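Lettering of chains follows the sequences in order, A, B, ..., and the numbering in each one begins at 1. Quantities reported herein were computed from a predicted structural model and do not represent experimental measurements.
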Amino acid sequence: MERRIGVYICHCGTNISGTVDVEKVTEFARGLDSVVVARDYKYMCSDPGQNLIKEDIKEHGLNRVVVASCSPRMHEPTFRRACQDAGLNQYLFEMANIREHCSWVHEDRAMATEKARALVSAAVRRVYYHEPLETKEVPVNPSVLVVGGGIAGIQAALEVADSEHRVYLVEKEPSIGGHMAQFDKTFPTLDCAACILTPKMTSVGQHPYIQLMTYSEVEDVSGYVGNFKVKIRKKARYIDEGKCTGCGRCQELCPVSVPSEFDCGLGKRKAIYIPSPYAVPNKAVIDPEKCSHLKGLAGGKDVCRLCQTGIEKKGIPGCEADAIDFSQNDEMVEIEVGNIIVATGFQQFDPSVIYQYGYGRYDNVITGLQFERISNASGPTGGEILTADGRRPESIAILHCVGSRDVNYHRYCSRVCCMYSLKYSHLLREKIPEAPVYQMYIDMRCAGSGYEEFYERLQEEGVNFIRGRAGEITNIAETPEEEGKLIVICEDTLIRRKRRIPVDMVILSCALEPRADADQIARIFSLSRKADGFFLEKHPKLDPVATMTDGVFVVGCCQSPKDIPDTVAQASAAASRALAMISKGRVEVEAATAVVDEEHCAGCKICVDLCPYKAISFDEEKKVSRINEAVCKGCGVCVAACPSGAITGRHFTTEQIMAEIEGVLV
Amino acid sequence: MEKMIRTDAFVNEIAALPGGEGVRLCIQCGTCTASCPNADRMEHTPSQLIAMARAGMRDEVLSSDAMWYCLSCYLCTVRCPRGIKQTDLMHALESLAVREGLSHGRTLTPAMYRSFNDFVYSLGSLPEFGFMTWFHLLTNPLRAFRLVPVMLKLLKRGRLSIRARRLTPQGTRQLRAVLDRAESLGGAR
Amino acid sequence: MSFEPKIVGILCNWCSYAGADLAGISRKKFSPNVRVVRVMCSGRVDPTFVLKAFEAGADGVIVCGCHPGECHYAEGNYKAARRIPLLKKMLAQLGIEDERVRLEWVSASEGDRFAAVVDEMTAQIRRLGPFSRNNGGGNG
Amino acid sequence: MKYYTYFPGCSSSEGGAKAYGWSARAISKVLDIELIELDDWNCCGSTPYSSIDELVSFCLSARNLALAEKRGLDLVTPCSSCYVSLNRTNSYLKEYPDIKARVDEALAAGDLEYHGTVRVRHLLDVLVNDIGYGEISSKVKRSLSGLKIAPYYGCQVVRPSPGFDHPEFPQSLDKLIACLGGEPVPFPLKSRCCGGSLIISEEALALDLIRKLLDCALSNGAECLVTVCPLCQTNLDVYQSRVNKRFKTSFNLPILFFTQLMGVAFGLGDEELGLKTCIVPAEEALAKYL
């Protein structure tokens, strides 16, 4: 069919015409093959500008349109719509970027004009090969998967469930609650973390629309926006959740005690245990690594089982609910959802790698999380601030930026440490007023509602703020008053002196870092990661919770370090994004997808493994690859890789790109 | 208040020195100072030198004694959260100070370094104890005297080299040629 | 008149093309010798594109993609990174100098970097001089 | 047999640390290492030169590197200061083209050229990584069991990183001592500074650092201390009496080169190890093993 191309060159006021001789370019365009009309206009994106195009499509029967103006990232949708309105398939349109890529970056008018011509000729040659494409719509499954049971996941799950849509909440630990459940108070308002979190945890546990799957992990995700298939491994708990009443007798009976994860190794738990006083679900779990019976079974021996049998001669019965089931195995569950909210959180930076801070060498150098547990009424010391050897510290130092803002570890600022350090200082001043508290900081970053005021409050409460990063912590005393102390050495940069501060306890305000398994998570959910290792959002400003995989959202600290308010806000945002899609009921999927020409497919399967979206399946009978267009994102990796050239990347066909290359070189 | 015309000239000069690249990145956290065994002896702390440099205080920085107390232990370098090569920067500042004739009087170190270099230049090799004695006699005969017992011990234990190791004549000639050319090419700035 | 190299820049849509846009938005000035062709992902770059460019009269080709780990399609840029060396081998056999083809990572926030890369590449090709199919090379 | 180009450095050749040179050669023989001394090498320039004129200091090292390059073997030195100076020159020539240009020009004046291919190693690195602990312990004739030893690395063998061991908490020497049967005592200051050449110009200041080191070693029960650097050995050994005088202390801690310690464990005699050159007599501490 004959090509009838219309070309429109935009002045963009003087943004383009200031550097590019627009008339010359228009003249040049007129001379190009298959071009039936070429015009220039002050503002092509304006209504009159768009109308020019619409009218010409009708009058001159245009079947291809080129607009040379700004970046397609700016106005491609605008002009596509214009074409659509005039009855021309939107994919029969092409744009030449002569502003961002030309008039704005070059000064020499002649050279800029020449380049503009090249770009226009490229667009014309390209559009010649454009084909009409149809965008498809698929229905949306109204169920939502939330991965991670911290405050982010809890919030997202509740918001979706409250709108009476099914939510599957998957948590790898035996209880939900995440890091927030370990905290004592929360800054800057100082309400107790448990007091504001546990009600939410309970309502998750009881919500008719939430199916809670703790001690479970997502192993595989296939499908596409609106229609994901998810494989989940429910790890063997060795407890019948239906029967367990959470009475806790089993953990009293269990003879094996090990360091408690929840108390960051400061307290102990048993091999059979309920993770925390306010665990949800409030059910026991058996640690197969530690349980002597399970380890015995592996060796064919039947030992212990005190939790089950109790101690008869003492007349202490075992589990009365008969909930303990050593025969349990992992089970695989498959669910279908339309949207996925990833809220896998962070992990605390391990400060032992910073040798000079002595974490792991000095008992009284502890991490922030450990302090949260020490200060927490439900913690190993019942909320009393005590050193490792049970003394009441006479002075405490808090070190900022441990693992953050450091090229040797993490370049980024973890954003919450200044604030939680202030919180620690407050708790310390409150619980041991006689003990001086020192905070060694580089910069105080207190941006947030009520944050600076909190800083001011702590200044009033008498905290010693020293502007300098600690160089090292030593126990080698140089003066009598340093004997038996930890000495923090830093420069007080405001008086330009090196100072040695003897203290009894040092709290390291550690960085928030991506979880060790972030890479695996990224692979399962087809997420990208930023240079700092956190998950990449679709747009840092305008689309902060969506990702490049439609229907998959990232919220909370897996996306970047942030405080609780921001986390909750993101969770709500993601929930409403999911709900929006659910209420619309269908989603449009990319039309510029790849398609296999089965005639030419050699069945080498190279493309199958290459596809980052698992969009390509292999038809074992016909021995050809097949692409699920709803899943394909049109990246074209398979197109370039196909040795027999059997795959076509729609709207980025080899033909089209070759033509464009020729074009830019005229 | 001290009137100061803000100027980038000096910080640019330093940033152009090998080792000085990082000065603009410094966040003045003081880790270098805190890690420095000699910071207490310094007229200005290591981080302060950078702050002064960025304030354009050229003469104050170059006539400071701070860098002359640097032991080249490199603790500051491996700990700097911004990856600044503080130790190298100290050496660069020393070289600059020397070139400007601003090297500091309060410490003997510059003088010691110089005579060290004279030794190396003329011998191509350094009999350290011989050099020590010579240097002390030169600068502070009293200390030389105090060191006599030490020297006797060294002698008794066969550690005082009477005869310094020499390069072959052609080796010496070659070394001289190289060093002379190097000096004619100016410092590493 | 002095030699003005013709360079084809094949940019991925998400990082590098956006980076080039940013250079424009911040009115960064750089040499006009690179003409941009947009692909969705540097992983789409087929070695034949590069050969085509030389055949059609290019003096150099530069391919830009997202930084490793930041690819919007998870890992397309790694595919590109693995292909380019192979391509260069091929070019060597055709007598096309290694330096005429270049792979660079430019993120959406690196407008300045894009400008710098373009200027570098242009200077580099200037040094090499025009690419002619008959100087033992090309696919003529 | 393993071959290396050997750069003894001033102290360990004709200087005050002859014993280091002797013992290094002696244990190398036992371990089938051939140390081929670099002909006509010159002083590395050390810190003083880089402080007065960096370019000249680079040229001092560059001449040695250029000579070594002709041999094409790794360049091994027992001196931490030489180790840093030579390495620093290597990396600067890579990093800074303008410096390389001028160094090349200077070298040319001596009909030399250097292409940056020489790998500079510290003797400790070679022994523990090329030879290995297993091989070393297999040569032990008199196990040093019961001997409490402070492993002292000093600064420049581990810094600036990246080196062959942790920049602040190195382990290689500890392990080496252990595989000789000795007991490495915990030594928190193991990689802290001995005062270096400032012992000459700022004695008081250096003595204070030395005191801290001796104090730390002793309080951790060390019967002797081993070093991997001539300057460290000198400061700790030769100036120990000065420390005692100044701080009214009574330190009497033998300071050995790690090569001497290895020699003892290998059953070599004093004439090869030069134990008698220690100012603080080592005989007593080592009596059991000699």
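Of the atoms belonging to T234(D), heavy atoms from both backbone and side chain fall under 4.5 Å from chain B. Residue R79(B) touches chain D through its side chain alone, counting heavy-atom pairs closer than 4.5 Å. Both the backbone and the side chain of E105(D) come within contact range of chain B, each with at least one heavy atom under 4.5 Å from a heavy atom of that chain. Only the side chain of E21(B) comes within contact range of chain D, judged by heavy atoms closer than 4.5 Å. Of the atoms belonging to A97(B), not a single heavy atom falls under 4.5 Å from chain D. Residue contact with chain B, scored on non-hydrogen atoms closer than 4.5 Å, is absent for C44(D). Residue contact with chain D, scored on non-hydrogen atoms closer than 4.5 Å, is absent for D180(B). Heavy atoms of L123(B) lying under 4.5 Å from chain D are absent altogether. Neither the backbone nor the side chain of V103(D) has a heavy atom closer than 4.5 Å to any heavy atom of chain B. Only the side chain of S13(D) comes within contact range of chain B, with heavy atoms under 4.5 Å apart. With a 4.5 angstrom heavy-atom cutoff, K156(B) does not touch chain D via any of its atoms.
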Practice task
Decide side chain to side chain contact (heavy atoms under 4.5 Å, CB included) for V56(D) and N117(B); before the verdict, give the C-alpha distance in whole Å, the side-chain angles of both, and the deciding distance to 0.1 Å.
Solution key: CA-CA 10 Å; V56(D) 175; N117(B) 297 352; over 6 Å; no
Practice task
Test R88(D) against D88(B) for side chain to side chain contact (heavy atoms under 4.5 Å, CB included), laying out the working first.
Solution key: CA-CA 10 Å; R88(D) 187 162 176 270; D88(B) 291 1; 3.3 Å; yes
Exercise for the section: Please lay out, stage by stage, how D237(D) and R159(B) fare under the test side chain to side chain contact (heavy atoms under 4.5 Å, CB included). Expected result: CA-CA 12 Å; D237(D) 182 26; R159(B) 281 175 71 164; 3.0 Å; yes
Practice task
Just do the side chain to side chain contact (heavy atoms under 4.5 Å, CB included) check on D53(D) and V98(B) with the steps written out, would you?
Solution key: CA-CA 8 Å; D53(D) 186 328; V98(B) 170; over 6 Å; no
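Atom-to-atom distance recorded for L185(B):CG and I99(D):CD1 is 12.0 Å, nearest 0.5 angstrom. In this structure, CZ in R176(B) is found 11.5 Å from CG in N42(D), a value given to the nearest 0.5 Å. Considering OH of Y69(B) and OG of S201(D), their distance stands at 8.5 Å, rounded to 0.5 Å. Interatomic distance, CZ of R181(B) versus CG of L55(D), reported as 11.5 Å (0.5 Å rounding). Taken from CD1 in I200(D) to OG1 in T109(B), the straight-line distance is 9.5 Å, to the nearest 0.5 Å. Interatomic distance, NE2 of H91(B) versus CD1 of I52(D), reported as 11.0 Å (0.5 Å rounding).
Top candidate by heavy-atom pairs under 4.5 Å with chain D, chosen from V150(B), D40(B), L175(B), L179(B), is L175(B). Chain B forms the most heavy-atom pairs under 4.5 Å with one residue out of L112(D), L231(D), I199(D), and that residue is L112(D). For the set S184(B), C70(B), P149(B), G171(B), the entry with the most heavy-atom pairs within less than 4.5 Å of chain D is G171(B). When the candidates V120(B), L167(B), L108(B), T87(B) are compared by the number of heavy-atom contacts under 4.5 Å with chain D, L167(B) comes out ahead. Counting heavy-atom pairs closer than 4.5 Å to chain D, the top-ranked of the candidates H136(B), M90(B), R173(B) is H136(B).
Minimum interatomic distance between A109(D) and A177(B) (heavy atoms only, all atoms of both residues): O-CB, 3.6 Å. Shown here for K18(D) and G158(B), the closest heavy-atom pair between the two residues is NZ-O, 3.7 Å. Summarising the geometry of Y113(B) relative to S197(D), their closest heavy-atom pair is CE2-OG, 4.0 Å, with the distance given to 0.1 Å. Closest heavy-atom contact between W41(D) and R165(B): O-NH2, 2.7 Å. Nearest approach of S46(D) to F116(B), heavy atoms of both residues: CB-CZ, 4.1 Å.
Taking 4.5 Å as the limit, some side-chain heavy atom of Q156(D) sits within range of a side-chain heavy atom of S72(B). Contact of the Y74(B) side chain with the P160(D) side chain is registered, since non-hydrogen atoms from C-beta on lie closer than 4.5 Å. In this structure, the side chains of D208(D) and R41(B) come closer than 4.5 Å at one or more pairs of heavy atoms. Residues S241(D) and K153(B) meet the side-chain proximity criterion, which asks for heavy atoms closer than 4.5 Å. Counting only heavy atoms from C-beta outward, the side chains of T77(B) and R159(D) never approach each other to under 4.5 Å. Side-chain contact between R157(B) and P281(D) is present, with at least one heavy-atom pair separated by less than 4.5 Å. Between P18(B) and E54(D), some side-chain heavy-atom pair lies under the 4.5 Å cut-off.
Not a single donor-acceptor pair under 3.5 Å links the side chain of R102(D) to the backbone N or O of A182(B).
Summarising the local packing, CD of E37(D) is surrounded by more than 12 heavy atoms from other residues, nucleotides or ligands at distances under 6.0 Å. Other residues, nucleotides and ligands contribute at most 12 non-hydrogen atoms within 6.0 Å of the CD atom of E284(D). Around NZ of K100(D), the count of heavy atoms belonging to other residues, nucleotides or ligands within 6.0 Å exceeds 12.
When the side-chain hydrogen bond (donor to acceptor under 3.5 Å, both in side chains) test is applied to Q240(D), no partner is found at least two apart in sequence or on another chain.
Side-chain atoms of T107(B) and E202(D) include a donor-acceptor pair closer than 3.5 Å.
Screening residues 22-35 of chain B for salt bridge (charged side-chain N to carboxylate O under 4.0 Å, His left out) gives no qualifying pairs among residues at least two apart or on separate chains.
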